[in-house]
Amino acid sequence: MHQHIKRIAQSEGQEATLKGWVANIRESKTNLFIVLRDGTGFVQCVVGLDAVGEEQFEAAKKLTLESSLALTGNVVKDDRQIGGYELQANNVHIYQIAKEYPIAKKTHGEHGVRFLADKRHLWLRSKRQWAIMRVRNEIIMGIHEFFQSRDFIQMDAPIFTGNACEGTTTLFSTDFFGEEAFLSQSGQLYGEAMAMAQGLIYTFGPTFRAEKSDTPRHLAEFWMIEPEMAFYDNEMNMDLIEQFMKHVINRVIKNCTVELEALDRDVEKLARVNQEFPRVPYTEAVKILRGEQEVNGRNAIAVQEEDLANAKKGIEEKTADIAEREVQIKAGMKKGARKFSEAKIVVLRKEIAEMEEQVRNIPKWIESAKSFEDGEDFGGSDETVLTRVFDAPVMVYNWPTKIKAFYMKEVEGDPHHVKGVDLLAPEGYGEIIGGSERETDIDVLLKKIKEHDLPMQEFEWYLDLRRFGSVPHSGFGLGLERIVRWCCDLDHLRETIPFPRRYGRLFP
RNA sequence: GCCUCCAUAGCUCAGCUGGUUAGAGCGGCGGACUGUUAAUCCGUAGGUCCAAGGUUCAAGUCCUUGUGGGGGCGCCA
């Protein structure tokens with residue numbers, strides 16, 4: 001039985017066999033240094049000429065990046081190494097010498113995005129992607145742990161649905177034994193039925209949206225978790241959302257230290273989930289967004305103007321830095337210093353490009369925020385502008401009736417607002433949860449279904465839930481990938497799922 | 001659908017106001033080096049500068065169109 005790198009400490013001072021792939025390799029006359037990865041972690045292995053003999057040493061010199069092999073040797077503690085251990089090999093078994101590996105060790109830039117997406121099956125091996133997938137797994141475990149420990153039952157909602165309740169433009173159509181069927185875009189209505197049977201339930205399954213949305217926040221296929229709770233009002237719903245987020249994020253912070261470090265994630269910012277989540281009514285959020293109301297002395301518009309000024313200043317400073325370095329390089333430098341300076345210039349140029357994007361975009365965001373009209377839905381940039389004045393995730397509740405779904409319960413005495421709630425993540429990540437207290441009055445539901453121009457007969461079964469023991473109930477839906485993106489501090493959802501399916505991307 | 005930035009070696013990128021044989025790092029190959037951590041050093045191969053047209057004595061560089069991509073919106077329980 002071979003040892004997993006993650007558990008290598010158990011073999012300290014003993015002989016162990018590791019099996020994996022070459023993540024990096026360096027060579028000197030009498031030693032080969034192989035950074036081995038096996039999926040559970042990374043460790044440096046030393047293959048010495050004297051230890052393995054000339055034949056194996058010569059064979060090992062042929063190893064290329066991503067070649068597969070088994071190494072046997074002594075596990076030695078060495079604080080200089082990643083993970084604190086090193087394997088000193090006395091036997092090398094090579095499974096395969098890999099062909100020239102297409103993905104560079106260096107990070108890829110803007111033009112590499114397409115290249116890496118095409119090579120997703122290999123890209124998954126890189127340390128960054130490895131870390132993201134492990135955080136994703138931890139989040140999934142945290143979600144199940146949270147609900148299961150609170151007596152929730154996991155239910156599987158159907159993927160094929162016969163009714164096009166939300167209009168066919170956003171649904172993928174497929175053939176179901178000769179009948180037109182659609183791929184599910186939500187399991188909520190089925191979840192409500194199950195909640196009337198089991199009390200507390202949650203769904204965890206794939207969801208499909210046929211929107212042609214080419215943004216960092218949208219996928220055509222993603223995983224959604226939808227709890228539904230009988231006898232919960234929207235206050236209890238918000239309490240649950242807050243406890244839930246705290247539980248999941250704290251579990252990631254606790255169990256994914258290596259992964260978060262590999263991602264260069266600022267864990268302190270993530271740990272702000274332990275603060276109380278501000279709860280802001282929609283009408284107040286509108287005032288904050290427009291800059292008419294401050295939060296803790298922070299003005300949303302002013303924050304954006306500061307960002308803009310900082311970006312402009314940063315571009316000037318970095319441009320001057322580059323110019324100075326170029327003069328020095330031309331004047332002549334030692335080789336090591338020159339290489340360092342050249343590498344630094346590449347980084348500076350990339351940072352300038354990002355800041356130039358900001359300078360182009362922020363004025364548009366400010367304009368959108370200032371001219372926001374009460375009653376509209378927040379756009380992507382509005383969410384960013386709004387959340388920047390808060391440290392913790394924010395819950396915005398009591399939304400305009402006309403922009404929300406038919407099943408949300410009206411606020412008592414205020415038919416223009418419904419008891420919906422959106423959780424907006426900090427650091428500009430925007431909406432990750434949408435939920436509500438559900439309408440219980442069958443007459444109100446009938447009226448709303450007509451107003452939304454939905455096919456009444458398709459909702460007959462759903463209306464039965466209000467005919468037979470209707471109770472107050474609430475629930476919410478969260479996009480798994482959006483939480484992964486936030487936890488890992490990623491620019492785009494395309495990195496949050498092993499094989500993303502989105503507008504313009506079906507392969508590999 | 002709209003706005004904006006971009007396309008140079010297998011990969012990441014330089015290439016200034018147009019000017020002679022288009023450069024670097026990584027990766028590949030060959031060699032050097034007693035322990036490296038993006039190792040280092042020496043050598044070497046590797047290019048239809050996205051495509052088509054235009055301006056010019058001269059185009060990787062300027063203009064037009066197209067194609068592809070990045071970013072921001074829109075669409076989006």
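A, B, ... follow the sequence lines: proteins, then strands. Residue 1 opens every chain.
- Using a 4.0 Å heavy-atom criterion, one finds that A:G379 contacts the sugar-phosphate atoms exclusively.
- Comparing B:A52 with B:C11, their C1' atoms sit 28 Å apart, to the nearest whole Å.
- Taking atom CG of A:L308 as the reference point, atom P of B:G72 lies 16 Å away to the nearest angstrom.
- For A:R80 and B:U36, the CZ to P distance is 8 Å, given to the nearest whole Å.
- Nucleotides B:G1 and B:U64 are separated by 23 Å at their C1' atoms, to the nearest Å.
- Residue contacts for A:Q188: at a heavy-atom cut-off of 4.0 Å it reaches a base atom on one of the strands shown.
- A close approach under 4.0 Å does not occur between any side-chain nitrogen or oxygen of A:W365 and OP1 or OP2 of B:G72.
- Remark: A:E58 engages A:K61 in a salt bridge, criterion side-chain N to carboxylate O under 4.0 Å.
- Here the separation of B:G60 from B:C16, taken at their C1' atoms, is 14 Å to the nearest Å.
- Separating the C1' atom of B:C29 from that of B:U65 is a span of 43 Å, rounded to the nearest Å.
- One can place NZ of A:K99 at 13 Å from P of B:C29, the figure rounded to the nearest angstrom.
- Among the nucleotides B:U4, B:U37, B:G27, the one closest to the side chain of A:Q44 is B:U37.
- The side chain of A:E357 has B:G70 as its nearest neighbour among B:G70, B:G28, B:U37.
- In this structure, the CG atom of A:N24 is 10 Å from the P atom of B:U40, given to the nearest Å.
- B:A38 and B:G72 are spaced 33 Å apart, taking the C1' atom of each and rounding to whole Å.
- Considering only heavy atoms from C-beta on, A:Q129 comes within 4.5 Å of A:R120 through its side chain.
- Of all nucleotides listed (B:C5, B:G35, B:U34), B:U34 comes nearest to the side chain of A:K29.
- Among the nucleotides B:G35, B:U4, B:G68, the one closest to the side chain of A:R114 is B:G68.
- Secondary-structure annotation of RNA chain B gives the stems B:1-7 with B:67-73, B:10-13 with B:23-26, B:28-32 with B:40-44, B:50-54 with B:62-66, with a stem taken as at least 3 successive Watson-Crick or G-U pairs whose two distances both fall under 3.5 Å.
- Residue A:H492 is in sugar-phosphate contact alone, with no base atom involved, counting any heavy-atom pair closer than 4.0 Å across all strands shown.
- Between the side chain of A:T401 and the main chain of A:H416, a donor-acceptor pair closer than 3.5 Å is present.
- Straight-line distance between the P atoms of B:G28 and B:A14: roughly 24 Å, to the nearest whole Å.
- When the options A:L32, A:V47, A:L63 are evaluated for a side-chain contact (heavy atoms from CB on, under 4.5 Å) with A:E27, the one that passes is A:L32.
- If you check every strand for non-hydrogen atoms under 4.0 Å, A:G48 touches nothing.
- Residue contacts shown for A:E86 include a base, since a base heavy atom lies under 4.0 Å away.
- Side-chain proximity of A:P216 to the nucleotides B:G72, B:G27, B:U36 is greatest for B:G72.
- A:D491 CG: 12 or fewer foreign heavy atoms inside a 6.0 Å radius.
- B:A24 and B:C63: their P atoms are spaced 29 Å apart (whole Å).
- Residue contacts shown for A:E226 include a base, since a base heavy atom lies under 4.0 Å away.
- The side chain of A:V113 lies closest to B:G70 when the candidates are B:G27, B:G70, B:C75.
- RNA chain B is contacted by no residue of residues 51-61 of chain A, taking any non-hydrogen atom closer than 4.0 Å.
- Using a 4.0 Å heavy-atom distance criterion, A:D118 is classed as making no nucleic acid contact.
- The side chain of A:T64 lies closest to B:G28, out of B:C5, B:C11, B:G28.
- Proximity of A:R26 to the phosphate of B:A39: a side-chain N or O atom is located under 4.0 Å from OP1 or OP2.
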*asked:* Set out, in order, the CA-CA distance, both residues' side-chain angles and the distance that settles side-chain hydrogen bond (donor to acceptor under 3.5 Å, both in side chains) for A:N310 and A:D307, then state yes or no.
replied: CA-CA 5 Å; A:N310 286 337; A:D307 284 355; 4.8 Å; no
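- The side chain of A:N361 contributes no N or O atom lying less than 4.0 Å from OP1 or OP2 of B:C5.
- Taking a cutoff of 4.0 Å between a charged side-chain nitrogen and a carboxylate oxygen, A:R502 and A:D214 qualify as a salt bridge.
- One finds no salt bridge joining A:E367 and A:K364 here, because no Lys/Arg side-chain nitrogen approaches an Asp/Glu carboxylate oxygen to under 4.0 Å.
- In terms of position on RNA chain B, the residue among A:R502 and A:N31 whose nearest nucleotide sits closer to the 5' end is A:N31.
- Contact of the A:E66 side chain with the A:W21 side chain is registered, since non-hydrogen atoms from C-beta on lie closer than 4.5 Å.
- Side-chain proximity of A:E27 to the nucleotides B:C73, B:C33, B:C5 is greatest for B:C33.
- Proximity of A:R494 to the phosphate of B:G70: a side-chain N or O atom is located under 4.0 Å from OP1 or OP2.
- Remark: the backbone N or O of A:E439 is paired with a side-chain donor or acceptor of A:R466 at under 3.5 angstrom.
- As judged by a 4.0 angstrom heavy-atom cut-off over every strand, A:D422 is placed among residues making no nucleic acid contact.
- A close approach under 4.0 Å does occur between a side-chain nitrogen or oxygen of A:S28 and OP1 or OP2 of B:G35.
- In this model, a side-chain donor or acceptor of A:S213 finds a partner on the base of B:C75 within 3.5 Å.
- Base engagement by A:Q81 is indicated by at least one non-hydrogen atom pair under 4.0 Å involving a base atom.
- Note on A:T215: a base of the nucleic acid sits closer than 4.0 angstrom, heavy atoms only.
- Remark: side-chain polar atoms of A:S213 are not paired, donor with acceptor, to backbone N or O of A:T215 under 3.5 angstrom.
- Straight-line distance between the P atoms of B:A51 and B:U67: roughly 16 Å, to the nearest whole Å.
- Going from atom CD of A:E100 over to atom P of B:G10 covers 10 Å, rounded to whole Å.
- The neighbour count for A:D374 CG, taken as heavy atoms of other residues, nucleotides or ligands under 6.0 Å away, is above 12.
- In terms of modelled atom types and a separation under 3.5 Å, the side chain of A:T40 and the main chain of A:I5 share a donor-acceptor contact.
- Closest contact between the side chain of A:R349 and the listed nucleotides B:G35, B:A14, B:C76 involves B:A14.
- Taking atom CD of residue A:E354 and atom P of nucleotide B:C5, one finds them 17 Å apart after rounding to whole Å.
- In this structure, the NZ atom of A:K350 is 8 Å from the C1' atom of B:C13, given to the nearest Å.
- In this structure, the ring-ring contact (aromatic ring centres under 6.0 Å, His included) partners of A:Y282, at least two apart in sequence or on a different chain, are A:F378, A:W399.
- To the nearest angstrom, C1' of B:C76 lies 13 Å from CE of A:M224.
- Using a 4.0 Å heavy-atom cutoff across all strands shown, A:Q88 reaches at least one base atom of the nucleic acid.
- Place A:V46 and A:M408 on RNA chain B by their nearest nucleotides, and A:V46 ends up nearer the 5' end.
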